[in-house]
Amino acid sequence: MQTIDKKKAATLIEQAETITFLTGAGVSTASGVHDYRSLSGLYQGVEQPEYLLSHSCMIEEPEKFYSFIQTLYHPKAKPNMIHLKMAELGRIKDTWVISQNIDGLHAAAGTKHLVNFHGDLYDCYCRKCGQNVSAKTYLLSDCHDRCGGQIRPNIVLYEEGLEERAIELSIEAVAEADLVVIVGTTFQVHPFCDLIHYAANTAKILVINQTAIQLNRDAYFFKQDAASVFETIL
Ligand SMILES: [Zn+2]
């Protein structure tokens, strides 16, 4: 990876015609939302997070599942500069955001072309009757008052597969971009990190992250917090 400065990173974004952002937890830390996968985040001191966020736990120990999932909600969190600038770019050029985050902040910022690769905590439904339920209602009770069914968030739990449509849209968005920007992620979770293989040979790749990531193709690398780049663009 070729390390570049903030000005060059901003120029690459400004000059691209078709941009696809691949985002991770790092874009939400400034909104006070922790990385639910990182050890320094919520998982610290919590036993068996993979189990607590699994399909089995939801079915077999629904109370345990519900009490853990509630800790992932930050209803007062607001989109930060990074979410807002990505949404703004979407209004002036062909822009897609593919996010690993389940915090709903890209949607809250107004991003139209968005794929929540692992789902969205704020998109909830009843497992029994299928009706959509607001996250506000879910946070009061996981029991659907209409039918007594269990309410769940539409996120991809451990043991569950990704939505076919999310994968297809993401592949298409990466393949069509002339600039793919990987932001705020160590890019290690499969199959999210495999999306980069669909980038065109002519596409430029820009990585904005606090640590280097493994990529098997050429990329520009801006080693810093993403907010500093986004505050300079537009
Ligand atoms: Zn129901």
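Excluded from the calculations below are hydrogen atoms, water molecules and symmetry mates; all remaining heavy atoms, backbone and side chain alike, are included. One-based numbering, in listed order, for ligands and for the atoms of each.
The aromatic rings of Y73 and Y122 stand perpendicular to each other, their planes meeting at an angle above 60°, with 30° marking the opposite boundary. Classification of the F21-F230 ring pair by plane angle, with boundaries at 30° and 60°, yields tilted.
Listed by chain and number, the residues in a side chain to side chain donor-acceptor pair (under 3.5 Å) with S56 are E159 (sequence neighbours excluded).
Less than 6.0 angstrom separates the ring centroid of Y138 from the ring centroid of Y66.
Distances under 2.8 Å from the Zn ion (ligand 1) pick out the protein N/O/S atoms C126 SG, C129 SG, H144 ND1, C147 SG.
A salt bridge links R165 to E168: at least one charged side-chain nitrogen sits closer than 4.0 Å to a carboxylate oxygen.
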Verify side chain to side chain donor-acceptor pair (under 3.5 Å) between T137 and S134, making sure each step is shown before the conclusion.
CA-CA 5 Å; T137 302; S134 72; 2.8 Å; yes
